[in-house]
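Both counts, for ligands and for their atoms, begin at 1 and track the order of listing.
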Amino acid sequence: MKAVRLRTEYLIDPLGVDFSRPRLMWNCEGGIRQTTYRIVSGSWDSGKVESPSMRAEYPKKLRDRERVVWKICLWDENGEAGEWSEAFFETGISSWEAKWITGDYAVNRKERYPVDCFRKTFEVGREAVSARLYITACGLYEAQLGGKRVGNFVMAPGYTDYRKRVQYQTYDVTGQVSEGENELTVQLADGWYRGSTGAWGRKNQYGTETKLLAQLEITYADGHRDTVATDESWQWSDDGPVRFADNKDGETVEAFRSPLYNGHAKVTKHSVIPSASNNVPVTEHETFKPSLITTPSGKTVLDFGQNIAGYVSFSLDARVGQRILLRFGEMLDANGEFTQENIQLKRKGFITPLQQVDYTCAEGRNEYKTRFAVFGFRYALVETEVPFSPGDFTAIAVYSDLEQTGRFESSNELLNRFFDATVWSAKGNHLDIPTDCPTRERHGWTGDAQIFARTASYLFSFAPFARKYENDLIDAQHRNGNFTQIAPVGGVDPYMNTMDGSAGWSDAGVLIPWVIYSQYGDRRILEDTYDNMRRFALYKIKTVGKWYLTSVPTGIGLKGSRSISNYGQSYGEWAEPSDVNPFSIKDFINPHPEETTAYIVYMLRHMEKIASLLGRTEDTGLFHENAEKVRSGYRELVKTKKFSLDTDRQAKLARPLFMDLLDGEQTEYAKKRLIKALDNYRWRLGTGFLTTPLILYVLADMDPEYAYRLLENEEIPGWLSMPKNGATTIWENWDGPFNTQGAGLGSLNHYSKGALVEWLFTSMCGIRVAGENRFTVSPQPGGSFTMAEASYDSIFGTIKSGWKRHEGVTVFTVTVPSNCEADIRLPDGRTESAGPGTHEFTV
Ligand code: BGC
């Protein structure tokens, strides 16, 4: 038996991390049961540890710049030792010799500035055995050393609230340092720090002065270390080719320029000491070649075939001064013309985002790739007199380097395409933070992330990314304990702030750590964030029974009002199809007692479980009692006319059923009423943001055929209507570019409706993580499907479950990873306990 997929805190051989007690993780291959492991790392030898656990804590205190190589050997069920496997991690630095530097100019906050160019030349007198560049910025940086780009992190240093947390990166640049003179150059752009951020493209959200911090350390064979660090000796100018760069608006480039570096950097300060992100970097991924479209009005458009977040590169011959204008969009309008209508917000002549590249050529060969912006697009409108062929252009997908762990296929081609579209929307919306869309807002909406978290944890190795986002939530947490609706908070205007606490959005602060715990067996995320979660829960408890300026009349009576939440502005179910619940401005202004009350119960129940898991017994009673109290309020609320269960709004019925909020009689009624509501809506989907991922669970619980009937409906609104109408990513509005429901054109890359995908794993194929080294597999075939199969590289190994139906016989195939066990439940009621290997069952 051999240890495979070796990781340190989920990361493969990470550099520059700053964990204090990293967990070493692995999976087993080639045996049934791990009886013993032994880990050796330098002077630490764990000795033979009799344990089936596939993780162990590194026990030694870590110093800066420490490279820890760890080797592991496993003993199988026969007591046989296997081959050794090896992995490493390297710590970063916790204090800096480098000084923060900035460009030598006075900043006017109303103006935009070209990208800063910094340079440092230095001598290296002998051969280096290792070199590391530790670097970060308030802004975005790209470094070059020895004529080559350093590392592969795009949009570095990533996105945090820079006033509270700045992430640095560590790059191994050993191969880029040579004996003799060396040149290190860095370009510094505005990024999220100073450039446009969020729905309204607000600027200067974290500061007005962009700055850079870099420390190059060169180590020689005798252990001696030279340091080249940012300070006033660095050369500077802002006359380089990138004249303008903005995350949302794009770049203006004059390729014929090169920086003179004829000035000097200014030393400045920043209030935060950078820390490691302990997360995956943002990197380039798939590439696409376009086909060429000439639109009815004669415009030239490149169609890359897939809606992505990323940018374009080109390689062209041109004359100096010739221009190439590129604009990026997701769709063609009803007349077949390029448009950005669906992704732009316009206010008083101001438009965001512009998503464009304005490039002026140098003489001869022009090689270009965007550096300091990412766009959401499938199409590029090209305006130029430079002759080109489509093959000169390449689209490059850019997203956090999340390893894909989940795969799915079924006999329904539309569902397969929906799955692929979800994967693409997930890729397009994970750029260091989870976003709503990669175009219009690019906000770290907590609701969208919460809704999608379980799906994300099946699709990707999501834990380190989620942990980083939880830090963002905590950085944004209000003093009163409330979590925000958006994190990091850049781009949020004072009005939007009033929506903090919104049910299903702010609950992300509790629900995301819970997903990570249950999916990865990660207790530590609960331990580390417990106090923040607790403060949020206490805040929410205080809102129960409280009156708010725009509290809505409920008819529940004074006594009943004490047990519900009719407090604060929130979105409610948000974005139900407009014929189910037409949008009203009141949706922004009023509290939503039904949703808010429900989510308080749901969140408090999670808190009760978490408190009891962590042994915080002093809190369990508090959470339990309040959950019960608010639940009783909910039961009263749905007895009122206004919030009656006698409704065609599917969300109003599916939510309390999913969350188990009703009494026995109410539950029976709500189930029947939900089926009637679906009948009345021709079995199309009528839910909004919050309940779309929940409704199939509720239906399958009554009868899987109900769930399949809704799933397989291809009409709008419904999941399959998207691929049926050509979607390559998930749409914000059910009718996407068609605007049949009067909701206005929305973004075409909004992953939240893709949260259906968790159900394909948990229920259709039935794979759930049930604890350390344990799964339950309870597949539920149904509808007109003849096959479905899912595979999941879980934290404990790869588990697969599939089924095939033919002439009334269903064959189930389950593959359990080495050192794990699965409790298999078949639809005929049979239960089997299965160990590693592939098992087949016929029903
Ligand atoms: C965003 C969402 C977000 C919502 C809040 C929208 O404009 O795009 O995805 O969650 O606002 O209601």
message: List ligand 1 atoms under 4.0 Å from His750, heavy atoms only on the residue side.
response: 1 (C), 2 (C), 8 (O), 9 (O)
query: Under 4.0 Å from any heavy atom of Asp448, which atoms of ligand 1 are there?
result: 2 (C), 3 (C), 9 (O), 10 (O)
message: My understanding is that we take every heavy atom of each candidate and find the minimum distance to atom 12 (O) of ligand 1. Doing that for Phe588, Trp445, Trp574, which one comes out nearest?
response: Trp574
query: Which atoms from ligand 1 have a heavy atom of Glu732 less than 4.0 Å away?
result: 8 (O)
message: Treating Lys724 as the side-chain partner and Glu715 as the backbone partner, does any N or O pair qualify as donor plus acceptor under 3.5 Å?
response: no
field: Atoms of ligand 1 close to Tyr571 [distance to a heavy atom under 4.0 angstrom, numbered from 1]
entry: 5 (C), 12 (O)
- request: Could you tell me whether ligand 1 has any atom less than 4.0 Å away from a heavy atom of Arg440?
  value: yes
- prompt: Is it true that His430 and Phe465 have ring centroids separated by less than 6.0 Å?
  reply: yes
query: What's the verdict on side chain to side chain donor-acceptor pair (under 3.5 Å) for Tyr571 and Gln485, showing C-alpha distance, side-chain angles and the deciding distance?
result: CA-CA 10 Å; Tyr571 296 105; Gln485 56 160 351; 2.5 Å; yes
Ion pair check, Arg467 and Asp522, cut-off under 4.0 Å: no
query: Tell me: protein heavy atom nearest atom 7 (O) of ligand 1, and distance?
result: Glu441 OE2, 2.6 Å
- request: Would you kindly specify which portion of His443 sits under 4.0 Å from ligand 1, judged on non-hydrogen atoms: side chain, backbone, both or neither?
  value: neither
- request: Go through the steps for Met496 and Asp500 under the test side chain to side chain contact (heavy atoms under 4.5 Å, CB included), then give the verdict.
  value: CA-CA 8 Å; Met496 290 167 89; Asp500 287 348; over 6 Å; no
Arg454 side chain vs Glu758 backbone, donor-acceptor pair below 3.5 Å: no
